[in-house]
Every structure is written in C-alpha cells, then in structure tokens.
2 protein chains.
Amino acid sequence: MKVLNRKSEILKVAKDLITEKGYNAVSMRDLAKALDIKAASLYNHIANKQEILSTIILEIAEAFTVGMTQIFNEETTSINKLQDLIGLHIDISINNSGAMAMMHNDWKHLEADELIRFVTLRNAYENNFRTIIKQGINQGEIINKNPEVIVFSMLSTLQTMYLWYEKRGKMDVNILKTDMVSVLLDGIRT
Amino acid sequence: MKVLNRKSEILKVAKDLITEKGYNAVSMRDLAKALDIKAASLYNHIANKQEILSTIILEIAEAFTVGMTQIFNEETTSINKLQDLIGLHIDISINNSGAMAMMHNDWKHLEADELIRFVTLRNAYENNFRTIIKQGINQGEIINKNPEVIVFSMLSTLQTMYLWYEKRGKMDVNILKTDMVSVLLDGIRT
DNA sequence: GTCTATAGTGCGATAGAC
DNA sequence: GTCTATCGCACTATAGAC
C-alpha cells in the first residue's frame, strides 16, 4: 500500500464524506475534523472547496473517456463493444464508488470551465454510446427499437450501479459481469 | 386551471428551484425572491425549510405506494404486473419530474420521522417489486437469472426516467410505454 | 504544515408593526 | 399576509505566528 501525500489523503477523506452527505452538506470544518486538523490548514494543500469537487469528478470522467475511446475503436461487433462497456462500468464503479456518487449527484455544483469540461466529456461519451447502438441496429445485430430508449435504459442502469453494489454485500465481480451482460443485452439482441 | 392557494404556490416554486440546484443550495431567501416576497413571509405558510422537503417527497412516495399496492394485488401474470408498473412510473414521472428529482437526490436530507417513513415506503416498494420478479421466475414466465440483477436493472431505469424525459423533447407517451416495455421486458421473458 | 484569530458573508428563523 | 429589523450561528477563506 502506497503512502499517500497530504493532498491525496485530503481528497480521499473528502470523497467519503461528500458521498455520504452531499457536497453542500460537508463543510471545510467537517473535512478538517475528519483529518484531525483545523479548517485553515486545508488551505495549504488545496486552493478552495471547489478544487476538491472538480478534481474528483473530472478524474473519474476522464477515466470513462479513456475507456470509451479504446472500446469505440476496437475492430469487433457492436454487441462485443457493449459487453466491454458493461465491464468498464463495473470495474470503475467497484473501485471508485465515492467518486461515482459525486459525479452522479454533485456535478451541477461545478463552476465555469470545469462545468463545461465535464458536460463536454459526458456528451461525447453518450454520443459514442448512441453510435455503437445505431451501428448495431444497422448491422442487424441489435433489434430495431428506438435507439434512444435503448441507450437510456442501459446507461441509467450502468450509471447507478455503484449505489446498488454498495448496498448489497458486494457479489463476485465475474458473476456480476455475466448476469449484467445477460440482462442488459439479451433483450436487445436479434 | 385551478387557482392555487399560497402554500401550494410556494411548494410548486420550491420544487422547481430545488430540482435545478439541490435542496441545500436553495436558501429561503432564494425561494422568497422567486415569489417576490421577503423570506420572513414564507413562515406564515410553512413551519420551516424541512417541511418543504418532506411534503414534496412523501407525497410522491405515497403515490408510488398506492399504485404498487393496486398492481401487486391484480389477478394476472407477473409480466403483466411489470408492464403495469412501467406504465405507473412513466405516468408519475411525466407529471411530476420536479418531485421525482427531489425524491432521487434529496431524500437523504430528510430528518427523523420523515426519513424513517420514506425509507420504509421505499423498502416496501422494492420488496414488492422483487416478489413479483421471483413469482415470475417460479411460474416460468421470467428467465432464471439472478433476481437482484433484474430488479436493479429495471428499477434504475424507471427511477431515472424523469431525467431523460425532460432532456429530450418529450416523446409521445404511448410510444414511450411501448418501447420501454419492449426493451425492459423482452430481455427477461422466457 | 499546522495553529489561533478573525474578517466577511449568508444562513434559518423570530418578534412585532402594519 | 407581508414587511423591517435582527438574533445567533455556520460558513469559506485569509493573515500571520510558530
């Protein structure tokens, strides 16, 4: 286990607290108390409260972008790409449930450039997802239903998986992947 | 169009503001300004800020409970019950997207009795949902996959539908129901 | 790198006049 | 039913000592 520097340590504790209570409900005093220091001391490591939010959310958003880019460019069927995307979401959600919660709940408290960057990344991600579905329909691999409904249904399940995985005692990752692929993809396969 | 009394009017405006910014990010001064009165005047109509939250969230939670109870006791197949539940979610989500957002994002800011009541209702709802799925599996109507994965996948889609319906220019409700039933149920039917 | 002290702001809520 | 005025408190953030 690597020793964290002070800033990483602060971000880690902040992630846990904000996941539990929400961004606006966690004060710098709360955060400092959890680290056993005074609030003022935090400002030696971070510029302000916003920096905590944007660092955590953009880091996870960029991890999804990297994963998506790779999968999008694979030379394989759309169904295989969707299967890989399910795996990507499961892997990231399991290891970063705090950051997933913040991305889900608190992105709207981002400001200025960080907000724009986040929304841009998220839109690009959704567009790639939609393109994969449409290609699958055109290739006859995926049933010819409204692609928006398919995209929405899959994404909403994948995006809230972190909630559910936490709640019910962490099942085996490989079983989770198998069952999730089956439930999400069997219904749209031709 | 019925004329709203002052309290209903306050709750309606609060719903919109809180949906946009989150419960903690909307102050009583913000709310008052949106109504063109002073913050102090709000307290002639509501006891405190918490009352806004609990009134809106519990009202919608109870609407789901009523709908579920009725569907749960229908004498029909599990697949038909699920189909009716999808319709219930669509009908409520479309007419109450603000309240849906608050129930989704801000329930954790409920306090004491109201929090307990909400969690109780939500658990009962999920248990009924799970029971319907399990009965369907036992009757051979639904594929024999992990029922938790099926429940989670369907519920996460239904619970976040309000987000997506708002975002993309409100498609025809009947088409939405047909396609949603097909995408969510074709994959789990035997 | 952490501390004390504090500036400056905004919050929820109340009292009491009209 | 709305107002002005205000209380008491919590917040983010900074200055400067150690």
Side-chain angles (χ1 to χ4, degrees), chain A residues 2-58 102 105-115, chain B residues 2-58 98 102 105-115 118:
Chain A
K2 181 177 149 228
V3 174
L4 299 171
N5 66 27
R6 207 70 173 114
K7 183 163 180 174
S8 312
E9 198 178 348
I10 290 170
L11 290 174
K12 184 182 169 330
V13 174
K15 217 181 286 187
D16 292 345
L17 279 180
I18 295 173
T19 299
E20 192 187 341
K21 298 176 190 298
Y23 179 67
N24 275 316
V26 173
S27 69
M28 296 298 270
R29 284 169 172 81
D30 292 337
L31 175 55
K33 188 175 280 179
L35 286 153
D36 246 320
I37 56 175
K38 299 292 170 185
S41 307
L42 292 169
Y43 291 88
N44 265 294
H45 306 282
I46 54 162
N48 49 44
K49 199 185 175 187
Q50 270 288 317
E51 191 191 337
I52 296 175
L53 190 68
S54 57
T55 303
I56 295 173
I57 291 183
L58 285 174
M102 287 178 61
N105 299 318
D106 298 313
W107 67 268
K108 64 173 72 160
H109 300 120
L110 289 171
E111 283 172 8
D113 287 355
E114 268 84 28
L115 177 59
Chain B
K2 180 178 150 228
V3 173
L4 298 172
N5 67 27
R6 207 71 173 113
K7 183 162 177 173
S8 313
E9 199 179 346
I10 291 170
L11 289 174
K12 183 183 168 329
V13 173
K15 219 183 282 187
D16 292 344
L17 279 180
I18 296 174
T19 301
E20 192 187 338
K21 300 175 189 296
Y23 178 68
N24 276 314
V26 174
S27 69
M28 296 299 271
R29 285 165 173 83
D30 293 336
L31 176 55
K33 187 174 281 178
L35 287 154
D36 246 321
I37 56 175
K38 298 292 170 186
S41 308
L42 291 169
Y43 291 88
N44 265 294
H45 307 281
I46 54 162
N48 49 45
K49 198 184 175 188
Q50 271 288 315
E51 191 191 338
I52 297 175
L53 190 69
S54 57
T55 302
I56 296 173
I57 291 183
L58 286 176
M102 286 177 63
N105 299 320
D106 297 313
W107 67 268
K108 65 172 72 162
H109 301 119
L110 289 171
E111 283 172 5
D113 287 355
E114 269 83 29
L115 177 59
F118 172 74

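In what follows, chains carry the letters A, B, and so on, assigned in the order in which the sequence lines appear, proteins first and then strands, with residues in each chain numbered from 1. These values consider heavy atoms only, across backbone and side chains, with no hydrogens, waters or symmetry-generated copies.
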| Taking only residues at least two apart or on different chains, which pairs with a member in residues 14-33 of chain B satisfy ring pair (Phe, Tyr, Trp, His ring centres under 6.0 Å)? | B:Tyr23-B:His109
| request: First locate atom NZ of B:Lys33, then atom NZ of B:Lys38, and finally report the distance between them rounded to the nearest 0.5 Å. | output: 8.0 Å
| Can you tell me how far C1' of D:dC3 sits from NE2 of B:His45, to the nearest Å? | 12 Å
| field | B:Glu51: partners by side chain to side chain contact (heavy atoms under 4.5 Å, CB included), with sequence neighbours left out | value | B:Lys7, B:Ile46, B:Ala47, B:Asn48, B:Thr55
| field | Test side chain to side chain contact (heavy atoms under 4.5 Å, CB included) applied to B:Asp16 - qualifying residues, sequence neighbours left out | value | B:Lys12
| request: Starting at atom CG of B:Leu53, determine the distance to atom P of C:dG12, rounded to an integer number of angstrom. | output: 13 Å
| task | Could you pull out all residues at least two apart from A:Ala32 that satisfy side chain to side chain contact (heavy atoms under 4.5 Å, CB included)? | result | A:Ile37, A:Ala39, A:Leu42
| field | Between D:dA13 (P) and A:Lys38 (NZ): distance, integer Å | value | 19 Å
| request: Would you kindly give the CD-to-P distance between A:Glu51 and D:dA13, to the nearest whole Å? | output: 11 Å
| d(NZ, B:Lys33; P, D:dC3) in whole Å | 13 Å
| message | I need the CD1-C1' distance between B:Ile37 and D:dT4, as an integer number of Å. | response | 14 Å
| note | Applying side-chain hydrogen bond (donor to acceptor under 3.5 Å, both in side chains) to A:Lys108 and not counting sequence neighbours gives none
| said: Under 4.0 Å from OP1 or OP2 of D:dA10: is there any side-chain N or O of A:Ser27 that close? | reply: no
| request: Find which nucleotide of DNA chain D each of A:Asp30 and B:Ser41 is nearest to by heavy atoms, and output the residue with the more 5' nucleotide. | output: B:Ser41
| field | Atom-pair distance (CG on A:Asn24; C1' on D:dA10), nearest Å | value | 13 Å
| request: Sugar-phosphate atoms are those with a prime plus P, OP1 and OP2; base atoms are the rest. Using that split, label each nucleotide of nucleotides 13-18 of chain C B, S or - for protein heavy atoms under 4.0 Å, 5' to 3'. | output: BBB---
| Rounded to whole angstroms, how far apart are CG on A:Leu35 and C1' on C:dC3? | 15 Å
